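Quick notes on the structure that follows.
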Amino acid sequence: MKATLHLLQLTLIILQLQTELCSGIKWLALAKTSASLHLNQTQHCKQLQGLVSSQVQLCRSNLELMHTIIQAAREVKKTCQKTFGDMRWNCSSIESVPQFMPDLERGTRESAFVYALSAAAISHTIARACTSGDLRGCSCGPIPTEVLQQGHRWGGCADNLHYGLMMGSKFSDAPMKMKRSGSQANKLMHLHNSEVGRQALRDALEMKCKCHGVSGSCSIRTCWKGLQDLKDIAIDLKTKYLSATKVVHRPMGTRKQLVPKDIDIRPVQENELVYLQSSPDFCTKNEKLGSLGTQDRQCNKTSNGSDSCDLMCCGRGYNPYTEKLVERCHCKYHWCCYVTCKKCERTVERYVCK
């Protein structure tokens, strides 16, 4: 009986340690939150997947914010898969959250991108939620102090980037700031890449204007600071992914730091994504490395890019198949005010990797 009890206690300790050692992006499991779950009581925070204890505490003290964070998790999944839809690694492994495959558990450039995108997305979604009035704890961003040219004036409702960054970083960085959060090298890498994502978000704040004047003369423009769409920020981060720097954790001065592995000793740049472990080529399936392979993936026969049948199929060749598409056609506008269309069917040829 005592042996059984001891084994049970040991199992509970191991499970607790696994939770504490939880990957910093397991909060993306919130994307699977059921729409029927009404987050209106603090005890509901324990029902959410992928959160470490400090994130549960943040949930309890910022309950209203959780709907926005759940939306951010969904945006990360959708945006990552769309951004890499034409690559061998197409972010499909994010579907297994919170039980990630090695491509996201190990310190690869793929995990670097997802950490950066996750950090950017959560702050982006919160900043926009402030603007739309979905959060009572914040409102429009501050009016800039810079002087505009004649005919332009500050107005409208700016995206509240300051509040988004403050609350977003507090939530998404929480797992990496716990005492038992994996190796120091991984922790530094994840925190660095998350900050790269937030810097990309800061760079995406731009001036937007709306015209006013008699008969649309645009003699006056009302302007505000607004964020680019998340898909545009993801494209910027994809460029950083393609030029990411492999690093090692070595002593620099009085403490260990991440430094580029194959370059003369220099500090890691603030705007570059970094990774610790090389990735597989993702051509063939290898679960130990987190590669799903590209067999049966659709490819583009006429492309010269990463979605070409030659690159996507890794030289294995491809199989053609036909698909029938039904589309709207011969549309006519009727005064006033509706459109009628016919349905046309056409056959297209597709290709999938062998």
Side-chain angles (χ1 to χ4, degrees), residues 23 25-26 28-34 49-50 73-118 121 230-244 273 275 277-328 343-354:
S23 171
I25 48 172
K26 285 194 174 180
L28 296 179
L30 293 174
K32 296 182 177 181
T33 303
S34 171
Q49 288 191 73
R74 291 172 179 152
E75 287 295 319
V76 171
K77 174 186 169 184
K78 179 178 71 176
T79 304
C80 185
Q81 292 182 338
K82 187 170 184 179
T83 305
F84 282 82
D86 62 346
M87 303 278 285
R88 290 176 184 171
W89 181 79
N90 62 352
C91 203
S92 58
S93 56
I94 206 170
E95 297 279 359
S96 63
V97 61
Q99 302 302 320
F100 287 117
M101 292 177 61
D103 61 327
L104 295 180
E105 284 285 5
R106 298 161 66 239
T108 61
R109 69 170 71 216
E110 288 72 36
S111 70
F113 175 84
V114 176
Y115 271 84
L117 179 63
S118 300
L230 187 61
K231 63 181 181 179
D232 298 315
I233 298 166
I235 291 171
D236 178 34
L237 290 175
K238 183 180 180 181
T239 302
K240 296 180 188 298
Y241 158 89
L242 293 170
S243 60
L273 290 178
Y275 64 99
Q277 297 189 45
S278 298
S279 305
D281 59 16
F282 296 105
C283 284
T284 56
K285 188 172 183 178
N286 187 329
E287 293 184 1
K288 289 183 179 180
L289 296 177
S291 173
L292 296 177
T294 61
Q295 185 177 355
D296 296 328
R297 284 279 303 278
Q298 192 166 301
C299 63
N300 187 338
K301 186 181 177 181
T302 60
S303 171
N304 292 318
S306 57
D307 63 338
S308 69
C309 288
D310 184 42
L311 288 176
M312 183 67 74
C313 305
C314 308
R316 297 188 306 267
Y318 51 89
N319 293 318
Y321 72 96
T322 56
E323 181 179 2
K324 288 185 178 180
L325 297 180
V326 178
E327 301 172 324
R328 296 174 69 190
K343 288 185 178 180
C344 295
E345 186 179 278
R346 66 186 180 96
T347 301
V348 295
E349 192 170 43
R350 308 281 194 196
Y351 307 90
V352 292
C353 296
K354 290 183 178 179

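All values reported here derive from a predicted model rather than from experimental measurement.
For Glu345 against Val326, the heavy-atom pair with the smallest separation is OE1-CG2, 4.2 Å. Contact record, Arg109 with Tyr241: NH1-O, 2.7 Å, taken as the closest heavy-atom pair. Pairing each heavy atom of Leu273 with each of Leu237, the nearest pair is CD1-O, 3.9 Å. Nearest heavy-atom pair, Met312 versus Asp307, reported as atom, atom and distance to 0.1 Å: CE-CA, 4.0 Å.
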Test side chain to side chain contact (heavy atoms under 4.5 Å, CB included) applied to Glu323 and Leu325, step by step: CA-CA 6 Å; Glu323 181 179 2; Leu325 297 180; 3.9 Å; yes
Side chain to side chain contact (heavy atoms under 4.5 Å, CB included) assessment of Arg106 paired with Phe100: CA-CA 10 Å; Arg106 298 161 66 239; Phe100 287 117; over 6 Å; no
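Taking the centre and axis of the six-membered ring of Phe84, the NZ or CZ atom of Lys238 falls inside the cone set by 45° and 6.0 Å.
To the nearest 0.5 Å, atoms CG (Leu292) and CD (Glu95) are separated by 10.5 Å. Between Lys82 atom NZ and Cys91 atom SG the span is 14.0 Å, to the nearest 0.5 Å. The CH2 atom of Trp89 lies 4.0 Å from the SG atom of Cys80; values are rounded to the nearest 0.5 Å. Remark: Lys78 NZ to Ile94 CD1 distance equals 13.0 Å, nearest 0.5 Å. Taking CG from Asp103 and CD from Glu105, the interatomic distance works out to 9.0 Å, rounded to the nearest 0.5 Å. For the atom pair CZ of Arg297 and SG of Cys353, the computed distance is 7.5 Å after rounding to the nearest 0.5 Å.
No donor-acceptor pair closer than 3.5 Å links the side chain of Thr108 to the backbone N or O of Leu104. Although no hydrogens or angles enter the test, the distance criterion places no donor-acceptor pair under 3.5 Å between the side chain of Thr79 and the main chain of Val76. In this structure, Arg74 contributes its side chain and Thr33 its backbone to a donor-acceptor pair below 3.5 Å. Ser111 places no side-chain N or O within 3.5 Å of a backbone atom of Gly107 that could act as its donor or acceptor partner. Of the possible donor and acceptor atoms, one in the side chain of Arg88 sits under 3.5 Å from a partner among the backbone N and O of Leu311.
For Lys32, the side chain to side chain contact (heavy atoms under 4.5 Å, CB included) partners are Gln49, Val97, not counting sequence neighbours.
Atom CZ of Arg350 sits in a crowded spot, with more than 12 heavy atoms from other residues, nucleotides or ligands closer than 6.0 Å.
With no hydrogens or angles considered, no side-chain donor-acceptor pair links Gln277 and Tyr275 at under 3.5 Å. Looking only at atom types and distance, the side chain of Arg316 has a donor-acceptor partner in the side chain of Thr294 under 3.5 Å away. With hydrogens and angles left out, the side-chain atoms of Asn90 and Ser92 include a donor and acceptor closer than 3.5 Å.
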Listed pairs under 3.5 Å, donor-acceptor, residues 281-289 side chains, sequence neighbours left out:
unit_1	atom_1	unit_2	atom_2	d
Asp281	OD1	Cys283	N	2.9
Asn286	OD1	Lys288	N	3.1
Asn286	OD1	Leu289	N	3.3

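SG atoms of Cys299 and Cys313 are separated by 2.5 angstrom or more, inconsistent with a disulfide link.
The closest side-chain heavy-atom distance from Leu28 to Lys77 is not below 4.5 Å.
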